Amino acid sequence: MLHFLIKRLLQVIPTVLGISVLVFFMIHLVPGDPAEMMLGERANEKALTELRQQLGLDKPLYVQYGLFMSRLAQGDLGRALRTNEKITTEIATHFPATLELALVAIVFAVTLGMLAGIVSATRQYSLFDYGSMVLSLIGVSMPIFWLGLVLMIIFSVNLGWLPLSGRLSYDITLEPVTNLYLIDSIIQGNWAAFKDALHHIIMPAFTLSTIPMAIIARMTRSSMLEVLRQDYIRTAKAKGLSPRAVHYKHALRNALIPIVTIIGLQFSILLGGAILTETIFAWPGIGSWLLNAVYARDFNAVQGGTMLIATLFVLINVLVDLLYAVINPRIKV
Amino acid sequence: MLKKLLLFTLAAVALTAYSLTPQSVLAAPKQGGTLVFARGADSPGLDPAYETDGNSFMVCDNIYDALVGFMPESTALTPSLATSWDISEDGMTYTFHLREGVSFHDGTPFNADAVVFSHGRQMKDKSKAKFFSKQWGWPEQAPAAEYWLSMEMDDIIESIEAKDDYTVVYKLKRPEAPFLANMAMDFADIVSPTAVLKHGADYITNPVGTGPFKFVSWQKNDRITLERNDGYWDGAPYLDKVLFRVIPDNSVRFLELMSGNVHICQYPNPEDVELAKSNGNLEVITQPGMNVGYLSFNHTKELWQDARIRRAIAHAVNKQAIVDNIYYGMGVPAVNTIPPTMWGYNNDITDYEYNPEKARQLLKEADFEGKLKAAGQDRITLWCMPVARPYNPSGMKVGEAIQADLKAVGINVELVTMEWGTYLKKQRSQDPGMDLFQLGWTGDNGDPDNFLAILLDGMADPNVRTQWKNEEYHQLMVDGKRTTDQAKRIEIYKKAQELIHQEAPMINMAHSIVAQPQHKRVQDFKLHPTTSVYLHKVWLK
């Protein structure tokens, strides 16, 4: 197991290096002058030259890449061009919001998605089966910003049950510790803040969860169905085990392997792909931060943010592989 | 009869009493409350010297004061941290007399040394900035002071010197009439030297000024919280707190306003403005923006040297239709380059009428066909802005409209667009593939020089985007800068506008109108032409 872990972790290094090359050169090869873009209509030559020097844009590309990598090696992502704030600080302030959102979303997606998938599989061709599969098709294909707005109009504007946007009402105060508001409010025993934060997260998390929920539901259904057709299930049934025991004890455990992979993948996609949800719900996370950086052509921030997300993606994949090995001991080699 | 008379008298008394209930009492500003201001993006930073964008300045406007201020709803100047100023006869020396007894939010006393520090730290040559008593160190200048640079302050200011605790003298290198207006801009805000030196590079998130509100906290991309400065020199504000919230999506921002969770919604979708007007809880306040969207020519090409051709284009473009359909009516067709709200505006100029027939005639007279052929072209290009700006909501749509208008007078137009950074760069170099281009300008300080010289005096500066070179115009701009007497400057700028009208170096397309929906509880909020947001006198019903 240790050997397997080390091997997988070693593979991460070239992957991350490859990502750094891609991220750096892709953003630098896109046409357009960031200095012109940042100063806009009022740019004059003196200000432009000064800004280019300050951004290091007057240096050749390979020198810029070298600088970027040497700083990266020291864990320093540089300063954001737009705000002159350390990128590590900016990521540290924005990432917990995204993490919290993605975690709640994945909880929604896994519980609801797996439940729907299992029930659909055990009651194949039932009304529930058809209904949930049609719903999941809609879930995959519905534009997030549209769904978000519809939910807002129903649950906030018309029913007044949930707040529209943001993470916390302005009359609620909460001392940030981990910046995961649900956790922070529990640590401090601040139940008003907990309730408020929970209210705020439900809608964006649900919106964000629809696509992975649908994918997980479909995946669970087909994986379960496949397992249910296997011989050992027939044997188990023949032994006179109750359907419940057959489904949940024997079938589900084996069906879980591909589902875990999908959940892992979906989670890393959620972390990077929350841009639309965060924008709609004014959720101050890494997605909306990254989007602003792209708009402002903030090279440093885009590089830093993308590197972080890509690295997380790779690490989560490693984690998924490990989980895989735990669930199915045959994969150890 | 007596009963009737009595009744009548009673009614009359009641009515009089009712009508005599003074409106001023009904509308007396109420103390307290938290105002929530919703906007589309966060502030990059709160150090006024280093910011370049409206989202930063709108917060700075409430934390800081400058030496000179703008009047409400206009760009006329008024004393602020300086109570008065003297300008020498030759316009080369400005002496500011400062307000006494003012302190920064951190307790640092405001004085002449703080002024020298605030402006001196942006100067290239720091030896030209002299303190009176306190010798503050110069902070390491992390980013470049963009506004200081683009306003050419190093070329204007020779030295800044604190003569005593409450007198600062600016010696200039050249007479510069807009200098006073520059001193009212955000980059010239006065900052607490103690706080700048204490926080270093982190000052941008720990701002300390003398303004009506104190900075409290900042949750990035979410909210900035300010609280009332009880000791404000111009009287404490009415609001307890102000929250600047970031809600990126226009529709959601407006929904928050409709739900009453925010009080003011900046830059809504045009369709939502209509919705706000019909909502009983909301009102829409509007103001003509201090901006101009324009269409100009590649003046480096032979093809556009003939003023008759430029005038022909001016006659061919149907501005009114563009404003009605593409600006959704949120604008007015521009007659002059400066907006009508600015002093020096020339009311006597009548715009080129939309007249395709006249345009065709002028083109024929000037032999446009022949000139086009001589240039080796069979069509012209029109560069369209790829981004929306207040002065031009959609470059491509405006481009399509102009394309159709020019087609009607026999000119084939190819629309060209590209990424914004590239657009600006290639436009600057007057790319030979460019014939017509769209751009615009939002004013900085309400001085006509900030439009007329910056946009059209190509003889003064290779950075002027139109690169129109006209000796007479250049002379007018130089005179305008050197004259400090405003009445004389008005004459000069009126003449300059006549010249622009006659020569048509650019076609002034439109000045946009800013419309802001807000909750009816918000009282005395006034839009400012500089897009500054002043909340000092605002209160909640």
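The chains referred to below are lettered A, B, ... by the order of the sequence lines, with proteins before strands, and numbering in each begins at 1. All heavy atoms count here, side chains included; hydrogens, waters and symmetry mates do not. Remember, it's a predicted structure, so these values are computed and weren't measured experimentally.
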Which atoms of L48(A) come close to chain B, meaning under 4.5 Å heavy atom to heavy atom: side chain ones, backbone ones, both, or neither?
side chain
Hey, do the aromatic rings of F25(A) and Y65(A) have their centres closer than 6.0 Å?
yes
Do R253(B) and N250(B) pair up side chain to side chain, a donor and an acceptor below 3.5 Å, judged on atom types alone?
yes
With only heavy atoms counted, which part of L149(A) is less than 4.5 Å from chain B, the side chain, the backbone, both or neither?
side chain
Among R245(B), M258(B), K426(B), which residue forms the greatest number of heavy-atom pairs with chain A at distances under 4.5 Å?
R245(B)
Pick from T52(B), D249(B), L149(B) with the largest number of heavy-atom pairs that fall under 4.5 Å of chain A
L149(B)
Any luck finding a side-chain donor-acceptor pair between D202(B) and T205(B) under 3.5 Å?
no
When you look at D171(A) and K241(B), which way does the salt bridge (charged side-chain N to carboxylate O under 4.0 Å, His left out) test go after all the steps?
CA-CA 11 Å; D171(A) 45 359; K241(B) 273 186 182 177; over 6 Å; no
Check for me whether K195(A) meets the cation-pi criterion with W191(A), that is, NZ or CZ under 6.0 Å from the six-membered ring centre and within 45 degrees of the ring axis.
no
Would you mind checking which part of L243(B) comes under 4.5 Å of any heavy atom in chain A, side chain (CB onward), backbone (N, CA, C, O), both or neither?
side chain
Between D47(B) and R121(B), is the closest basic N to carboxylate O distance under 4.0 Å?
yes
Given heavy-atom pairs under 4.5 angstrom as the criterion, report whether the side chain, backbone, both or neither of I204(B) touches chain A.
side chain
Considering only heavy atoms, which portion of S217(B) lies under 4.5 Å from any heavy atom of chain A: side chain, backbone, both, or neither?
neither
Heavy-atom proximity to chain B below 4.5 Å, by part of Q53(A)
neither
Pick one of side chain, backbone, both or neither for L439(B), based on which atoms fall under 4.5 Å of a heavy atom in chain A.
side chain
Under 6.0 Å between ring centres: does that hold for F299(A) and F68(A)?
no
Using a distance-only test with no angle check, is there a side-chain donor-acceptor pair under 3.5 angstrom linking Y147(B) and D186(B)?
no
Whether the side chain of Q430(B) engages the backbone of Q467(B) through a donor-acceptor N/O pair (distance < 3.5 Å, no angle test) should be reported.
no
Could you check which of S169(A), A47(A), S165(A) has the highest count of heavy-atom pairs closer than 4.5 Å to chain B?
S165(A)
How close do A274(A) and T98(A) get, heavy atom to heavy atom, and via which atoms?
CB-CG2, 4.5 Å
Just give me the residue among D53(B), N221(B), T422(B) that pairs up with chain A most often, heavy atom to heavy atom, under 4.5 Å.
N221(B)
Which atoms of S156(A) approach chain B - backbone, side chain, both or neither, heavy atom under 4.5 Å:
neither
Are S512(B) and N291(B) close enough that a side-chain donor and a side-chain acceptor fall under 3.5 Å?
yes
Check: D272(B) side chain, L275(B) main-chain N or O, donor-acceptor pair, under 3.5 Å
no
Part of Q427(B) lying under 4.5 Å from any heavy atom of chain A:
neither
Do you know which of R389(B), E51(B), E152(B) has the most heavy-atom pairs with chain A at a distance under 4.5 angstrom?
R389(B)
Do the side-chain N and O atoms of H519(B) and N281(B) include a donor-acceptor pair separated by under 3.5 angstrom?
no
Flag the one option from Q219(B), E146(B), R428(B) with the top tally of heavy-atom pairs under 4.5 Å to chain A.
R428(B)
If only side-chain N and O atoms count, and only distance matters, is there a donor-acceptor pair under 3.5 Å linking E256(B) with S259(B)?
no
Any residues in residues 33-46 of chain B near chain A, with a heavy-atom distance under 4.5 Å, and which are they?
T34(B), V36(B), P44(B)
Without hydrogens or angle criteria, can the side chains of N190(A) and S185(A) be said to hold a donor-acceptor pair below 3.5 Å?
no
Is a side-chain donor or acceptor of D184(A) paired with a backbone partner of N179(A) at a separation under 3.5 angstrom?
yes
Part of residues 454-463 of chain B lying next to chain A, heavy-atom separation under 4.5 Å
N463(B)
Min side-chain heavy-atom separation M151(B)-N450(B) under 4.5 Å:
yes
